[in-house]
Each structure stands twice: as structure tokens, then as C-alpha cells.
Amino acid sequence: MITTELSNVGEIIQNQREFFKTGKTKDVTFRIEQLKTLKQAIIEHEQAIVEALQADLHKPEVETYITEISVVKEIDYVIKHLQNWSKPKKASVSWDFFSYSARIYPEPLGVVLIIGPWNYPFQLIISPLIGAIAAGNCAILKPSEIASHTSDIVAKIIAKHFDPAYIAVVEGGVEASQKLLAEKFDHIFFTGGTAVGKIIMAAAAKHLTPVTLELGGKSPCIVDTDINLEHTVRRITWGKFINSGQTCIAPDYLLVNKKIKKDLIDGLAKSLKEFYGDNPIDSPDYARIISQKHFERLVNFLKDGEVIIGGENQPSERYIAPTVIDHVSLEDPVMQEEIFGPILPIIEYTDIAEAIALINSRPKPLALYLFSQDKNLQKRVLQETSSGGVCINDTVMQVGVSSLPFGGVGDSGIGNYHGKASFDTFSHKKSVLQNSFWLDLKWRYAPYQGKLPIIKKLLG
Ligand code: NAD
């Protein structure tokens, strides 16, 4: 194993603390150099990354480029803005503070821990790392053990290009995570399921460590009648079935206006054929389920409702065909748990109020999708629902916009990142107030006798 043995976890954190104390990471030029090194390292290992994802998830090369290696775009964006973000920012003061000046200094937090999931196992460990480096921190990465090939390549890349006293990888599963969580960090950035998110937060609370929790949930996709049907079905098909549905912001289920339901189902069948052919199992463009455990969990969902498209599966390959299910009940397991696989239930509504009420009766989702050109309907859905983010007339693409903070709300997460939001997540904003010596008004000093009227006037 290239990476730290578990018994050395304490030592590596100590080394990182020493490295942080040298002040090296406070230099913005140093941070930019490290980001450039990271970018070069990714480019240099592109082929190995593609192969690792192929081995873990049968991920098509194109999807690996679009959804994993594309983090290099984020590096360029951060490098472009970093000098500006790192500068102290002037803050305004009210007239009664006329002799003062106020500024906000972003400063690094120290040594941070980043724990990743298996579904986009490269991007979801490297993208937070970009923020950690940009903000001037040292970092320990714990990739998901379930995407083991990707975990290995992440460990190799980091060990080859970075000093472990600055950035290190600890590989392993729950045991490794728990060993790390027993230590004190200055921030923990976790991406994974809601249940494990609670464990992370409880462990962090013991050290009063702040957390960012990028969690999951059931992201609804509303489809109204005022749409371009052809574009809609293609965009839903792509967002749902990319990575075989194992995407935290995939549309989990459809809420479809009854009037357009039949056309939508016909359209989905057509676009699925267009994407993956008559036998998706033979398509080089269709991923597999990550593990036997997840395969079995998903196959159980096929008992719910009525399968109207797909439903075929092959345990030896961990293959489940792109599947659409109709006539599900809200009590069925498929409508209770996050699906996180290539199964798409359809629920119909006659009035948008029903769809909104259903969404609001459940935990706040990570993403909400709405297909409609009706401006009033768009406004209503935005006003009457709450979710981590919203994408109108498309799916999943919101994750690729660096100027949009990405994160959940309520059960779907705490905090956000990407672009400037990543820099902010891994920075402390230090408020600095400065007075001058040219004047010293005595209204706030004891003895207070006779000063109350002035104070009331000042505060009034
Ligand atoms: P998971 O919560 O099972 O595991 C995530 C990480 O936590 C892994 O590195 C794992 O080793 C570690 N872990 C697991 N159990 C642990 C425990 N008991 N104590 C400490 N650490 C533990 O998540 P997963 O199965 O890898 O990913 C799927 C989930 O992640 C889905 O719910 C999905 O929606 C969510 N997700 C969210 C985002 C986002 O950006 N919000 C992105 C991808 C995935």
C-alpha cells in the first residue's frame, strides 16, 4: 500500500500540523503552484483514471471525461480567481464608527479531512481537495474503499506528486474512517449517505470540528405539459441513467402531469433505445452497479409497481437495464428510499399543487428538476419548495457551473462547495476592526453618570 498505514494516522496528522505551522500554505503563489501540480498530475494519469473507473463501475470513457476528469476545469477556474478571493475585503462601517476601518481576512483552517463516496469516486475526492488547497490547508483524503481501483489511483497520484506532510491519502473502509474520525481536524468534508453523515457529525462534535456534509436523498423531477418533449426525454434519460443512475443528483422519480404522461413514457422508451440500443447490456455506454449488495438492493425495488420499460437484470454482471416503473404507491420501498440506480418511478398529478405537496411532505431534496416553459409555474415551484438546488428544463448540469454553490439543505446536507464556495468552505473569515488615535470620544467609558441620554440618542 502506497499510503499511510492506519497505525500512522496520528503521525501523519502531526506532520501536517508541523507543515501548516511553517506558514508555507499561506502563500497564494504556493497554492497556485500546487493546483497546477494537481492539474498536471491528473492529465499525466488520465489513462489510468479511465481504466480504474472502467474496472470499478464499467464507466464509459466519455462519462469519465465529462464527470470525473473534468475537475481540471475547476482547477483553471480557481487559479484564475484565487489572488482576488484571497485578498482581505473592506467591510463598511456605520457613521458612529467613523474613526474605524473594517476588513475581512480569509485564512486557512489548518488540517482538513475529506471523505469520499464510490459513485464519482475521483471527482468527489479531488473537487473538495481543490478548495482545500486553494484556501491554504493541508489535507488527508479518505477515498471510498468500494471503488477500490479509483482509490488506488488517487493514492498513487497524490503520493507521487505531493509531500504527505502536505497532502496524504489514507485508504480503507469504515475502520480507516473511524480511526481518522477519532482524531481532531480543523474541518471535515464528507460526501456520502445521510445515515453515515450523522455518524460523521457526531464524531466531529466531540472535537467541535466544523463539517460540510454533501448527502443524498430523493430528488424529484416535475414534468409539466408546456415543454419540448423530445428535448425533455433526452435530458431526463441522460440525467437518470448516466453512471447507471448512481448519481446523487439524478432525478429519483418523475412527477408528471397526467395529460402528458403517455407521450412522456413513449418518448423515454424512444430515447433509451437511441442511447443504449435494443440490448443495453451490450452497450459500451452503460455502466454497472458498483457491488453485489447494491445490485440486490436495487433488484428488490423491481417488485414495486409495474415495470413498463426495462426490468431485465444479470447478477453476474451486476447489470440492471434502464427501467421505468408505473403505478407505484408512495409507501413502496422504491418511493421511501433513495433509489441510486437505474430505476425511474413515475407518479402522475392533475394539479401542480399535488406535486408540490408531495415534495414538501418529504425531506428536502438535494436537487429539484422542473420541465416547463410556463414562467408562473416556474415561479410557483421555486417559491413553494425548498431543495439544495434547482435545475429548470435540464438535469444534472447545475453541478458543472463553478459559480453556483453546490450542496444540500436539511437531510440532503450542510454547507456547499464548487468555485468560490469551496474557497469559503475551507477558509475562516477573520474580521479585523482597526481604530485610529486621532480622537477618543469618552461616551462609552465609566463613569456613566449623565451619559445615558447620549447613548440613547446614538443607539436610537
Ligand atoms: P456512504 O455514506 O456509505 O460512504 C461514504 C464514505 O463514508 C466512504 O468513504 C465510506 O468508507 C465511509 N463510511 C461508510 N460507513 C462509515 C461509518 N460507519 N463510519 C465512518 N465512515 C463510514 O456513501 P456511499 O455509498 O459511498 O455513497 C452513496 C451516497 O452518497 C448516496 O446517498 C448519495 O446520494 C450520496 N452522495 C452525495 C453526493 C453529494 O454531492 N451530495 C455525491 C455523491 C454521493
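Ligands are counted one by one from 1 in listed order, and the atoms in each one are counted from 1 as well. Side chains are part of it too, since the values below use all heavy atoms of this structure and drop only hydrogens, waters and symmetry mates.
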What residue and heavy atom of the protein are closest to atom 17 (C) of ligand 1, and at what distance?
V174 CG1, 3.7 Å
Atom 30 (O) of ligand 1 - nearest protein heavy atom and its distance:
G192 C, 2.9 Å
Looking at K24, I'd like to know if its NZ atom is crowded, meaning that more than 12 non-hydrogen atoms belonging to other residues, nucleotides or ligands lie closer than 6.0 Å.
no
Can you tell me the protein heavy atom closest to atom 23 (O) of ligand 1 and the distance?
G193 N, 3.4 Å
Parallel, tilted or perpendicular: ring planes of F189 versus F426, cut at 30 and 60 degrees:
parallel
Heteroatom proximity flag, K142 to ligand 1, N/O under 3.5 Å
yes
Atom 20 (C) of ligand 1: closest protein heavy atom, distance to 0.1 Å, is S177 CB, 3.4 Å
Protein contact of atom 39 (C) of ligand 1 - nearest heavy atom, named by residue and atom, plus distance
C248 SG, 3.4 Å
Within the structure, does at least one protein heavy atom fall under 4.0 Å of atom 27 (O) of ligand 1?
yes
When distances are taken from atom 16 (C) of ligand 1, the protein heavy atom at minimum range is V196 CG1, 3.5 Å
Which residue holds the protein heavy atom closest to atom 34 (O) of ligand 1, what is that atom called, and what is the gap in Å?
E338 OE2, 2.5 Å
Among V399, D252, N119, which one has a heavy atom closest to atom 43 (C) of ligand 1?
N119
Among G388, G408, S291, G116, which one puts a heavy atom closest to atom 8 (C) of ligand 1?
G116
Is the NZ atom of K261 crowded by more than 12 outside heavy atoms at less than 6.0 Å?
yes
Heavy-atom count around K198 NZ within 6.0 Å, excluding the residue itself: above 12?
no
For atom 18 (N) of ligand 1, the closest protein heavy atom turns out to be I199 CD1, 3.5 Å
